[in-house]
Amino acid sequence: PIGSVSIPAAHDEFVGKASALCEVVDPRGHRQFACFKNYYRRYRDEVPFSGVHFFDWLDFGHGKHLLEANEKHHFLKHMEKDDSCFKHHFNTHTVHYFDDSMREKHEIYLEMSEDGKELIARYRSDDRVVPSSYDEEEDYDDPHLYMWDMNEKFYVVESNDSWDKERYGTVKHTGVVAGMPALSGGKAYFGKHGSVWGINYSSGHYRPGISSASLMYDWMKNKRGFNVSALWWVGRKSWSTKDCRKVNWKIEIEIEGFDAGGLNRSCYEMTVGPTWITKDDV
């Protein structure tokens, strides 16, 4: 729906959109989209056009060893990342897509503390609080990855050793919701006892805009009655109140349960509020 974040919408040009979708439908297990660009552009521009399905071309046709052959014979113009997209690398670097049972293990719910000063996150499956993302020994905050899906459910994957990197590789936002559209995604900062310290919108796959932050702010304040000053709203460095005016809320946001006027007010309120900050993506 218009106003959600999706991996095709995160890219401006056609090859980027197509490459992002290729990760989702890849029959060999969701190879990472970055290298699909290098192959898809060559597939599209090949003369004469092969006429075969892209994945057949990629794994059984001219694309099977294309970059390796080009490394030796230089018959194609070099593209950035060609060297890191040889098939032995490309075929083994996949994104693990969650099934329903795995998603359920990472679903959280939010509630205010008794004094109304902290927003607390707990895992729905066992009521355990989400652990802190702050490493006291290293004096470093490594925020947890989160996704907020179209059903207004939050999922958190901790940045520490609870995620099995050896088995699943590096967790990606696309993996959590299996490549589907969502309301937002990024990283969240957690303190002690499950307190949510802050939320950002840093996702290379989905690239949420300020409208996504406004959706979340509006949802927390007006649909859930949370104290929105209990956490930091962490926008991108380039975001400001001026961006609220650039969004045509009536046309660009068609998410059920949200209205244009309310989102516009939430955007202004969020960006001038006492807990609004901007940071570079992390």
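These numbers come from the heavy atoms of this one structure, side chains and all, not from hydrogens, waters or symmetry mates. As the structure is a computational prediction, the values presented were derived from the model and not from experiment.
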Enquirer: Can any side-chain N or O of K17 pair as donor or acceptor with the backbone N or O of H11 at less than 3.5 Å?
Expert: yes

Enquirer: Would you find more than 12 non-hydrogen atoms of other residues, nucleotides or ligands less than 6.0 Å from D12 atom CG?
Expert: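 Open: at most 12 neighbouring heavy atoms sit under 6.0 Å from CG of D12.
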
Enquirer: For residues S133 and D142, is any side-chain donor paired with an opposing acceptor at under 3.5 Å?
Expert: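 No, no side-chain donor-acceptor contact under 3.5 Å.
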
Enquirer: Any chance you could lay out the side-chain contact (heavy atoms from CB on, under 4.5 Å) test for V5 and R207, step after step, and finish with the verdict?
Expert: CA-CA 7 Å; V5 294; R207 300 180 186 177; over 6 Å; no

Enquirer: One thing to verify: whether K77 and D45 come together as a salt bridge, which I'm taking to mean a side-chain N less than 4.0 angstrom from a carboxylate O.
Expert: no

Enquirer: How far apart are the C-alpha atoms of F75 and L66, what are their side-chain angles, what is the distance that settles it, and do they pass the side-chain contact (heavy atoms from CB on, under 4.5 Å) test?
Expert: CA-CA 10 Å; F75 53 89; L66 180 69; 3.8 Å; yes

Enquirer: Supply the atom-to-atom distance S19 OG to Y39 OH, rounded to the nearest 0.5 angstrom.
Expert: 12.0 Å

Enquirer: Locate the shortest heavy-atom distance separating P8 from L21; write the atom from each residue and the value.
Expert: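 In terms of heavy atoms, the two residues are closest at CG-CD2, 3.6 Å.
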
Enquirer: How are the rings of Y168 and H96 set to each other: parallel, tilted or perpendicular (split at 30° and 60°)?
Expert: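 Y168 and H96: tilted rings.
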
Enquirer: I'd like to know whether CE of M102 has more than 12 heavy-atom contacts from other residues, nucleotides or ligands below 6.0 angstrom.
Expert: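 More than 12 within 6.0 Å, yes.
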
Enquirer: Is M79 reachable from Y40 through a run of I, L, V, M, F, W or Y residues, each pair having side-chain heavy atoms under 4.5 Å apart?
Expert: no

Enquirer: Parallel, tilted or perpendicular: which fits the ring planes of W57 and F54, with parallel below 30° and perpendicular above 60°?
Expert: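 The rings of W57 and F54 lie parallel, inter-plane angle below 30°.
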
Enquirer: Could you check whether E158 pairs with R128 (Lys NZ or Arg NE/NH1/NH2 to Asp/Glu carboxylate O, under 4.0 Å)?
Expert: yes

Enquirer: Using a strict 4.0 Å threshold on nitrogen-to-oxygen distance, state whether D59 and K87 make a salt bridge.
Expert: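 Looking at K87 together with D59, the answer is yes, because their closest N to O distance falls below 4.0 Å.
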
Enquirer: Checking the side chain of R42 only, and the main-chain atoms of N38 only, is there a donor and an acceptor separated by less than 3.5 Å?
Expert: yes

Enquirer: Check whether any side-chain N or O of N227 sits under 3.5 Å from a backbone N or O of G116 as a donor-acceptor pair, and report yes or no.
Expert: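 Between the backbone of G116 and the side chain of N227 there is a qualifying donor-acceptor contact (under 3.5 Å).
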
Enquirer: Which pairs count as ring-ring contact (aromatic ring centres under 6.0 Å, His included) when at least one residue sits in residues 108-147, sequence neighbours excluded?
Expert: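 Non-adjacent pairs meeting ring-ring contact (aromatic ring centres under 6.0 Å, His included): H144-F190.
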
Enquirer: Provide the closest heavy-atom pair for A178 versus V24 in the form atom of the first, atom of the second, distance.
Expert: O-CG1, 4.3 Å

Enquirer: Verify side-chain contact (heavy atoms from CB on, under 4.5 Å) between L119 and S195, making sure each step is shown before the conclusion.
Expert: CA-CA 5 Å; L119 183 64; S195 62; over 6 Å; no

Enquirer: Are the charged groups of E111 and R122 less than 4.0 angstrom apart, N to O?
Expert: yes

Enquirer: Give a yes or no on whether the backbone of N248 and the side-chain of E252 come within a donor-acceptor separation of less than 3.5 Å.
Expert: yes

Enquirer: Does one hydrophobic cluster hold both W148 and L110, with members joined at side-chain heavy-atom distances below 4.5 Å?
Expert: yes

Enquirer: Around atom NE2 of H89, are there more than 12 heavy atoms from other residues, nucleotides or ligands closer than 6.0 Å?
Expert: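 Buried by this count: over 12 neighbours within 6.0 Å.
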
Enquirer: Once rounded to the nearest 0.5 Å, what's the spacing between atom CE of M270 and atom CE of M216?
Expert: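 The distance works out to 10.0 Å.
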
Enquirer: Between F98 and K105, is there a cation-pi geometry (under 6.0 Å to ring centre, at most 45° from the normal)?
Expert: no

Enquirer: Which heavy-atom pair separates G3 from I253 by the least distance, and what is that distance?
Expert: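 Closest approach of G3 to I253: CA-CD1, 3.7 Å.
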
Enquirer: Should we count NZ of K223 as having more than 12 external heavy atoms under 6.0 Å?
Expert: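 Result for NZ/K223: enclosed.
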
Enquirer: State whether the side chain of D149 and the backbone N or O of K153 hold a donor-acceptor pair below 3.5 Å, judged by distance alone.
Expert: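 Pair found, side chain donor or acceptor close to backbone of K153.
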
Enquirer: Considering the options K172, E23, Q32, which one meets the side-chain hydrogen bond (donor to acceptor under 3.5 Å, both in side chains) requirement together with H205?
Expert: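 Filter result, single survivor: E23.
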
Enquirer: Count I, L, V, M, F, W, Y as connected when their side-chain heavy atoms are under 4.5 Å apart, and connections chain through other members. Are F36 and V25 then in the same cluster?
Expert: yes

Enquirer: Among residues at least two apart in sequence or on other chains, which ones pass side-chain hydrogen bond (donor to acceptor under 3.5 Å, both in side chains) with S266?
Expert: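 Applying side-chain hydrogen bond (donor to acceptor under 3.5 Å, both in side chains) to S266 gives D218.
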
Enquirer: If I take atom CZ from residue F90 and atom OG from residue S84, how far apart are they, to the nearest 0.5 angstrom?
Expert: 11.0 Å

Enquirer: Pick one: which of V157, V95, L145, I7 meets side-chain contact (heavy atoms from CB on, under 4.5 Å) with H173?
Expert: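 Among V157, V95, L145, I7, the one meeting side-chain contact (heavy atoms from CB on, under 4.5 Å) with H173 is L145.
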
Enquirer: Heavy-atom count check: over 12 atoms from other residues, nucleotides or ligands less than 6.0 Å from H78 NE2?
Expert: yes

Enquirer: Whether R236 and D243 form a salt bridge (side-chain N of Lys/Arg under 4.0 Å from carboxylate O of Asp/Glu) is what I want to check.
Expert: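 Salt bridge absent between D243 and R236.
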
Enquirer: For residues Y97 and G179, report the shortest heavy-atom separation together with the two atoms involved.
Expert: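 Of all heavy-atom pairs spanning Y97 and G179, the closest is CE2-N, 3.6 Å.
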
Enquirer: Please determine whether residues M180 and M150 belong to a single hydrophobic cluster, defined as Ile, Leu, Val, Met, Phe, Trp and Tyr linked transitively by side-chain heavy-atom distances below 4.5 Å.
Expert: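 No, separate clusters.
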
Enquirer: Look up atom CG in L76 and atom CG in N70, then write down how far apart they are to the nearest 0.5 Å.
Expert: 4.5 Å

Enquirer: Taking the basic N atoms (NZ, or NE/NH1/NH2) and the acidic carboxylate oxygens, is any pair closer than 4.0 Å for R41 and E13?
Expert: yes

Enquirer: Checking H53 side chain against F55 main chain: does a donor-acceptor pair fall under 3.5 Å?
Expert: yes

Enquirer: Return the minimal non-hydrogen interatomic distance between W219 and E152, and the atom names on each side.
Expert: NE1-OE1, 3.0 Å

Enquirer: Test side-chain contact (heavy atoms from CB on, under 4.5 Å) on D83 and E71 and set out the steps.
Expert: CA-CA 8 Å; D83 298 342; E71 177 74 4; 3.5 Å; yes

Enquirer: Nearest 0.5 Å, what's the NE2-OG1 distance between H30 and T174?
Expert: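 Interatomic distance, H30 NE2 to T174 OG1, rounded to 0.5 Å: 9.0 Å.
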
Enquirer: With a 4.5 Å cut-off on side-chain heavy-atom distances among I, L, V, M, F, W and Y, is there a chain of contacts connecting V196 to F226?
Expert: yes

Enquirer: Rounded to the nearest 0.5 Å, what separation is found between the OH atom of Y43 and the SG atom of C22?
Expert: 9.5 Å

Enquirer: Provide the closest heavy-atom pair for Y201 versus S184 in the form atom of the first, atom of the second, distance.
Expert: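 Heavy atoms only, the tightest pair is CD2-OG, 3.2 Å.
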
Enquirer: From the options Y217, W239, W276, select the one residue that forms a ring pair (Phe, Tyr, Trp, His ring centres under 6.0 Å) with W233.
Expert: Y217

